[in-house]
A.B. asks: 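Before I ask anything, let me first share the structure, which is written out below as structure tokens.
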Protein chains: 2
Amino acid sequence: MADQTDLPDEVALLWGLREAPRKGPKPSLTAGDITRAAIELADAEGLAAVSMSRVAAQLGNSTMALYRHVKSKDELLTLMLDAALEEPPDLPGDTDWRSGLTLWTHGVLAAIKQHPWYAQLPLGGPPVGPQNLAWFECALAALSRTALEEHEKVGVVMGLLTYVHGQVRLSSALAAGYAKNPDAFSRQYAAVLTRVVDPRRMPALGKVLAAGVFDVDSLLEEQDADADFDFGLTLYLDGLAGFLATRTPSTVSAPSP
Amino acid sequence: MADQTDLPDEVALLWGLREAPRKGPKPSLTAGDITRAAIELADAEGLAAVSMSRVAAQLGNSTMALYRHVKSKDELLTLMLDAALEEPPDLPGDTDWRSGLTLWTHGVLAAIKQHPWYAQLPLGGPPVGPQNLAWFECALAALSRTALEEHEKVGVVMGLLTYVHGQVRLSSALAAGYAKNPDAFSRQYAAVLTRVVDPRRMPALGKVLAAGVFDVDSLLEEQDADADFDFGLTLYLDGLAGFLATRTPSTVSAPSP
DNA sequence: CCCCTTCTGCGTATGAGATACGCTCAAAAG
DNA sequence: CTTTTGAGCGTATCTCATACGCAGAAGGGG
């Protein structure tokens, strides 16, 4: 249980820094095994299927055995959030910030899409796990040659991160709703809203409905979702570009006169 | 149970469109009462405190009585997501899109801040409840005089919405972490990261840490959080402004020559 | 005016699920 | 070989959501 450093338990666990036990039976499980099993379960059957007993069953152990390696289910979820991530993209040092961030954001999107449950878990503040930090570093590195202040860089990266999470969350909520009850679902949006919305009281919404934006097909179309994703991302990066232009009209990291 | 129209139950409930029962005892509860009680509870003790029995106790009824008015806890949560919202701001018809959206976004932020649990619930796709739709309409109206296509408007509004949710989620996760364990928390970020991050492998992160961005004080400072919020919002709106400028160099909604 | 239908409130029961506690025994240290 | 430490895990609690079915109220129809 004790760790070599005086780090909080959870952090030590994330970094695998617990000292090896000297005595006693060999552990037949490790926190890593448990985390992997939990991720497999979540991938296969969704986050709701991840219960301590299910995970234990997956590993052929009893429920309580897990608690020797993981303090609580919450801690397990934290571990999952780090372990599910692959290596961040390796951006050449001279990549310009815009293509770097674009690549990065799409990388995050791809990573999360492989684990749809990922976006359902709340972002627990700035990252602490090794993989999360590696990704964070990657994005910060893309911004390193810009004139942003450090806290602004962090803000931008967190903004992008919440953007990706938000979009994924949205589309998976949609997909889940559809999977659960295709019939009710197809009536849910376009049709139902048309019934409920009075175009006189809500003209803008009326126009949207008339344009068919909420039709089931267009909501579920993968391509449209991707296009929307890129549209929003472009807006955000355009905004950043404009900001950088005003701050550094010509050179990089020049102080204002 | 039956509704006047052929709307799905949940929607009918949201809009209060269930026909009044003819026979039987008068209901001593309404779905609205239940929703209100649940919201009070969530406000006072957090979302985790909202259990069917707690809500029932709040109302002086038994647990199962609630199920006469609400199909499931999920449905109750959906109702809460609509009922917790106040009226959207009333934007004059000639408000320009930018101030309109700024006002709107801050309105959403303020609304959510009054109910910190709000951002913890997943956005269940496009809105269906009356209040949610009113807010949605409000944002769309702000964009009505722009040259955006309808689906782009929706994308922008959803983008703003997820942005707000994401920011709130983040800062409340932070606040919760701090409230739970101030000591461990203050060591969590700056100090811990400094220990764990090798500045040679992660130079960009190293600079951020050195700048003190992750110091506990600055993370929890309300002002900083607000400034960050506005910073991100400005970027996004700047991007949108740029996009609109390229699409309509001079006039509004003019087709390209 | 009485009875029948329809609904309400609610007691009871079921089945998860998380997790505290403490026992037993293995294995390494001495 | 004995002592110490920690692994695996059985058992027991508690909290929840929710299915089911009963009893009695309130109108409606005769």
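Below, each value reflects all heavy atoms present in this structure, side chains not excepted, and no hydrogens, waters or symmetry copies. We name chains A, B, ... by the order of the sequence lines, and we start the count at 1 in each one.
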A.B. asks: Round to the nearest Å and state the distance from H69(B) atom NE2 to dC7(C) atom P.
C.D. replies: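 Distance, rounded to whole Å: 13 Å.
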A.B. asks: Within this structure, what is the CG-to-P distance between L59(A) and dA7(D), rounded to whole angstrom?
C.D. replies: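 The answer, rounded to whole Å, is 16 Å.
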A.B. asks: I need the minimum non-hydrogen distance between V154(A) and F136(A), along with the two atoms involved.
C.D. replies: CG1-CZ, 4.1 Å
A.B. asks: Can you find a heavy atom in the side chain of D74(B) that is under 4.5 Å from one in the side chain of L77(B)?
C.D. replies: yes
A.B. asks: Let me know the distance between CG of L29(A) and C1' of dG6(D), rounded to the nearest Å.
C.D. replies: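 From L29(A) CG to dG6(D) C1': 14 Å.
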A.B. asks: State, with a plain yes or no, whether a side-chain heavy atom of T162(B) is found less than 4.5 Å away from one of R169(A).
C.D. replies: no
A.B. asks: Can you measure R54(A) atom CZ to dA16(C) atom C1' for me and round it to whole angstrom units?
C.D. replies: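 Rounding to the nearest Å, CZ of R54(A) and C1' of dA16(C) are 12 Å apart.
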A.B. asks: So, do I39(A) and H115(A) sit near enough that their side-chain heavy atoms are less than 4.5 Å apart?
C.D. replies: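 Contact flag for I39(A)/H115(A) side chains = yes.
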A.B. asks: Strictly under 3.5 Å: I want the nitrogen or oxygen pairs between protein and nucleotides 18-22 of chain C, one per line.
C.D. replies:
{"unit_1": "dA18(C)", "atom_1": "OP1", "unit_2": "K73(A)", "atom_2": "NZ", "d": "2.6"}
{"unit_1": "dA18(C)", "atom_1": "OP2", "unit_2": "M52(A)", "atom_2": "N", "d": "2.9"}
{"unit_1": "dT19(C)", "atom_1": "OP2", "unit_2": "Y67(A)", "atom_2": "OH", "d": "3.0"}
{"unit_1": "dT19(C)", "atom_1": "OP2", "unit_2": "K73(A)", "atom_2": "N", "d": "3.1"}

A.B. asks: Which pairs count as side-chain hydrogen bond (donor to acceptor under 3.5 Å, both in side chains) when at least one residue sits in residues 117-126 of chain A, sequence neighbours excluded?
C.D. replies: D43(A)-W117(A)
A.B. asks: So which heavy atom on T35(A) is nearest to which on A83(A), and how close?
C.D. replies: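 It is CG2-CB, 3.6 Å.
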A.B. asks: Measure the distance from CG on L66(B) to P on dA19(D) and round it to the nearest whole Å.
C.D. replies: 13 Å
